[in-house]
Colleague: 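Before I ask anything, let me first share the structure, which is written out below as structure tokens.
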Amino acid sequence: MTLLGLYLTKKSVNRAMVSRRTGISQARLSQLSSNDSTKLRADELYLIALAIDVDPCELLLEVCKDLKLPKG
């Protein structure tokens, strides 16, 4: 499960409702929630955050918390 999937599960989010509110298909939401190789677009993240009534920055921090700059 992806960090987005874990976040949505933790918040008990109804994905059918998110799909209706955002226009993102349930199949796409399923991919974003379960497949680590699926890339989440910024517009999708923003719409999902609006649909579940959370600050988009909170959702961004949660789904990107493992990203680090390369040491250089």
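Each residue takes its place number in the sequence, starting with 1. What you are looking at is a predicted structure, and each value in this text was computed from that prediction instead of being measured.
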Colleague: Work out which heavy atom in Ile48 is nearest to a heavy atom in Leu40; give both atom names and the distance.
Modeller: CD1-CD1, 4.5 Å

Colleague: Quick check on Leu69: does its CG atom have over 12 non-hydrogen neighbours (other residues, nucleotides or ligands) under 6.0 Å away?
Modeller: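 12 or below, so no.
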
Colleague: Decide yes or no for Ile24 and Val18: does some side-chain heavy atom of the first lie under 4.5 Å from some side-chain heavy atom of the second?
Modeller: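 Ile24 does not reach Val18 side chain to side chain.
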
Colleague: For residues Glu44 and Leu32, determine if any side-chain heavy atom of one lies less than 4.5 Å from a side-chain heavy atom of the other.
Modeller: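 When only atoms from C-beta onward are counted, Leu32 and Glu44 do touch, with a gap below 4.5 Å.
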
Colleague: What distance do Asp55 atom CG and Leu61 atom CG have between them, rounded to the nearest 0.5 Å?
Modeller: 8.5 Å

Colleague: Mind checking the CD-OG spacing from Gln31 to Ser25? Nearest 0.5 Å is all I need.
Modeller: 7.5 Å

Colleague: Determine, using the 4.5 Å side-chain heavy-atom cutoff (strictly less than), whether Val54 and Val13 are members of one ILVMFWY cluster.
Modeller: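 Val54 clusters together with Val13.
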
Colleague: Please indicate whether Asp53 has more than 12 foreign heavy atoms, meaning atoms of other residues, nucleotides or ligands, lying under 6.0 Å from its CG.
Modeller: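 At most 12 heavy atoms, drawn from other residues, nucleotides or ligands, come within 6.0 Å of this atom.
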
Colleague: How long is the span from the CG atom in Asn35 to the CG atom in Leu4, to the nearest 0.5 Å?
Modeller: 12.0 Å

Colleague: Rounded to the nearest 0.5 Å, what separation is found between the CG atom of Leu8 and the OG1 atom of Thr2?
Modeller: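 Rounded to the nearest 0.5 Å, the CG-OG1 separation comes to 7.5 Å.
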
Colleague: Run the numbers on Thr9 and Arg15 for side-chain hydrogen bond (donor to acceptor under 3.5 Å, both in side chains), then give the verdict.
Modeller: CA-CA 9 Å; Thr9 299; Arg15 293 176 191 176; 3.2 Å; yes

Colleague: Of the non-hydrogen atoms in Ala51 and Met17, which two are nearest, and what is the gap between them?
Modeller: O-SD, 3.9 Å

Colleague: Is there side-chain contact between Tyr46 and Leu60, with at least one heavy-atom pair below 4.5 Å?
Modeller: no

Colleague: Decide yes or no for Ser34 and Met1: does some side-chain heavy atom of the first lie under 4.5 Å from some side-chain heavy atom of the second?
Modeller: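 No; the side chains remain at least 4.5 Å from each other.
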
Colleague: I need the Thr38 OG1 to Arg28 CZ distance, nearest 0.5 Å.
Modeller: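 Between Thr38 OG1 and Arg28 CZ, I get 6.0 Å after rounding to 0.5 Å.
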
Colleague: Tell me the closest heavy-atom pair linking Leu3 and Lys65, and the distance in Å.
Modeller: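 So the two residues come closest at CD2-CE, 3.8 Å.
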
